[in-house]
Novice: 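One structure coming up, written as structure tokens, with questions to follow.
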Amino acid sequence: MRIPWRDALARLDSPGHYGAHADELFDRAVLSADEAAPRFEAGQEILWRYGRIIEAVRVVRDDHRGLVVWVPSGSARLQPVPVAAAHTRDIPLEKRFSVPWVIRESAWTGPGVVRVAPAGRPWSVWFFRSDDGEPAGAYVNLELPHRRVGGVGAAVYSRDLVLDLWVDAAHVGSEDIWLKDSDELDASVDQGRFTEEQADAVRTLADCAAKEFILDGGWPLNEGWERWQPPAEMDAPVGLPDLPTVAAARARSGASPLFG
């Protein structure tokens, strides 16, 4: 029997997950659902951060419901990669959370993506498109509720929770909600990233996401973001800012994804 999602979140929203940001600005970050949270302007370039992963994005809209951003094709990102491989998924699952890593800079490839982070919810929704611009589906990334800072180095902070859901654009219906990376969640327990209790909490959040808004087609699935097109000035690739926090992030490394 699943526990209430807020209780599940309490098992995951712990200081141990915050250390991965290694950013002094995070110390003053405010939950996005808080009345005191700073708001971003349309067109503003900000950082979307998952611990060691830093991505440059452009704000489309930001209000009490949540944050909507556009990730233009070619936008810059930093991400940890294994020392001995080009991509994390090149490492066998049974070793994926226990190999040395370094930070590598790359760019968002493929068509641009709309991302929506509902305020206070432990997920964001990414609207993917095929190469011809047609909707491909919605990717529901389970993650800690966003915290944010404004001003110089404006950013949102979260932590990825490994498990995800995929809603196929071509076939609307509950049978087309796919659970992704459940094997990777199991591996994360075996290798010490999550406890069994925390992994079960992640599964609870997945159930909640499916029942709370996917099956009902609620916001943001019902606002047409899958077909939204950016004006030309919004579609230029976004670069990483020349800031000490970004420079420090580029230099990070670790003996395993659990450290560094």
Novice: If a pair satisfies side chain to side chain donor-acceptor pair (under 3.5 Å) and one of its residues is in residues 206-215, list it, with sequence neighbours excluded.
Specialist: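 Found R2-D207, R121-E212.
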
Novice: Main chain of R65, side chain of D63: is a donor-acceptor contact present, judged purely on distance under 3.5 Å?
Specialist: yes

Novice: Considering all heavy atoms of both residues, which atom of W5 and which atom of P122 are nearest to each other, and what is their separation?
Specialist: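 Distance-wise, the nearest heavy atoms are CZ3-CD, 3.5 Å.
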
Novice: Give the cluster check for L93 versus V189: same hydrophobic cluster or not, with ILVMFWY residues linked at side-chain heavy-atom distances below 4.5 Å.
Specialist: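 No, no single cluster joins them.
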
Novice: Nearest 0.5 Å please: distance from the OG1 atom of T245 over to the CZ atom of R49.
Specialist: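 Rounded to the nearest 0.5 Å, the OG1-CZ separation comes out at 4.5 Å.
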
Novice: Can you list the steps and then say if V71 with R77 is a side-chain contact (heavy atoms from CB on, under 4.5 Å)?
Specialist: CA-CA 10 Å; V71 187; R77 61 198 310 266; over 6 Å; no

Novice: Starting from the C-alpha separation in whole Å, work towards a yes-or-no answer on side-chain contact (heavy atoms from CB on, under 4.5 Å) for V246 and L47.
Specialist: CA-CA 10 Å; V246 175; L47 300 177; 4.1 Å; yes

Novice: Using modelled atom types and a 3.5 Å cut-off, is there a donor and acceptor pairing between side-chain atoms of Q198 and backbone atoms of T195?
Specialist: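 Judged by distance alone, yes, a pair lies under 3.5 Å.
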
Novice: Quick one: does any side-chain atom of D62 pair with a main-chain N or O of F40 as donor and acceptor, under 3.5 Å?
Specialist: yes

Novice: For residues I53 and P80, report the shortest heavy-atom separation together with the two atoms involved.
Specialist: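 Heavy atoms of I53 and P80 come nearest at CG1-CD, 3.6 Å.
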
Novice: Applying salt bridge (Lys or Arg N to Asp or Glu O under 4.0 Å) as the test, list every pair that has at least one member in residues 84-104; sequence neighbours left out.
Specialist: R89-D181, R89-E184, R96-E184

Novice: What are the two closest heavy atoms between L185 and V162, and how far apart are they?
Specialist: N-CG1, 3.6 Å

Novice: Kindly assign one of parallel, tilted or perpendicular to the pair W48 and W126, based on the angle between their ring planes and the thresholds 30° and 60°.
Specialist: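 Because their plane-to-plane angle is over 60°, the rings of W48 and W126 count as perpendicular.
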
Novice: If every non-hydrogen atom of N222 is compared with every non-hydrogen atom of W219, which pair is closest and at what distance?
Specialist: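 Looking at all heavy atoms of both residues, the shortest contact is OD1-CA, 3.3 Å.
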
Novice: With sequence neighbours excluded, what pairs up with E105 under the side-chain hydrogen bond (donor to acceptor under 3.5 Å, both in side chains) test?
Specialist: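 By the side-chain hydrogen bond (donor to acceptor under 3.5 Å, both in side chains) rule, E105 matches R250.
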
Novice: Please say yes or no: joined through hydrophobic side-chain contacts below 4.5 Å, possibly via intermediate residues, are L205 and L215 part of one cluster?
Specialist: yes

Novice: Is the NZ or CZ atom of R61 both under 6.0 Å from the centre of the six-membered ring of W228 and within 45° of that ring's axis?
Specialist: no

Novice: Which pairs would a plain distance check flag for residues 229-244, meaning a side-chain donor or acceptor within less than 3.5 Å of a matching protein atom at least two apart in sequence or in another chain?
Specialist:
unit_1	atom_1	unit_2	atom_2	d
D235	OD1	W70	NE1	2.9

Novice: Grab the two heavy atoms, one from A249 and one from I103, that are nearest each other, plus how far apart they are.
Specialist: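 Heavy atoms only, the tightest pair is O-CG1, 3.3 Å.
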
Novice: Do E143 side-chain atoms and S158 backbone N/O form a donor-acceptor pair below 3.5 Å?
Specialist: no

Novice: Say whether, by atom type as modelled, one donor and one acceptor occur between the side chain of R115 and the main chain of S124 under 3.5 angstrom.
Specialist: no

Novice: Same cluster or not: are L179 and W123 linked, directly or through other Ile, Leu, Val, Met, Phe, Trp or Tyr residues, by side-chain heavy atoms under 4.5 angstrom apart?
Specialist: yes

Novice: Under 3.5 Å, side-chain donor or acceptor atoms of residues 130-138 against the rest of the protein: list the pairs with distances, not counting sequence neighbours.
Specialist:
unit_1	atom_1	unit_2	atom_2	d
S130	OG	D132	OD1	2.4
S130	OG	E134	O	3.1
D132	OD1	E134	N	3.0
E134	OE1	R227	NH1	3.3
E134	OE1	R227	NH2	3.1

Novice: Would you tabulate the side-chain donor-acceptor contacts of residues 24-35 under 3.5 Å, counting partners in other chains and residues two or more places apart, or write 'none'?
Specialist:
unit_1	atom_1	unit_2	atom_2	d
S32	OG	H146	O	3.3
S32	OG	R148	NE	3.0
D34	OD1	A36	N	2.7

Novice: For Y139 and N141, run side-chain contact (heavy atoms from CB on, under 4.5 Å): C-alpha distance rounded to whole Å, both residues' side-chain angles, the deciding distance at 0.1 Å, then the answer.
Specialist: CA-CA 6 Å; Y139 182 87; N141 195 72; 3.5 Å; yes

Novice: Do F97 and V81 share a hydrophobic cluster, counting only Ile, Leu, Val, Met, Phe, Trp and Tyr and linking them when any side-chain heavy atoms are less than 4.5 Å apart?
Specialist: no

Novice: Does any N or O in the side chain of E55 come within less than 3.5 Å of the main-chain N or O of Y50, such that one atom is a donor and the other an acceptor?
Specialist: no

Novice: Assess whether side-chain contact (heavy atoms from CB on, under 4.5 Å) is satisfied between F194 and L12, documenting all intermediate values.
Specialist: CA-CA 9 Å; F194 291 117; L12 296 159; 4.0 Å; yes

Novice: If you look at every heavy atom in R129 and W225, which pair is closest and at what distance?
Specialist: NH2-O, 3.5 Å

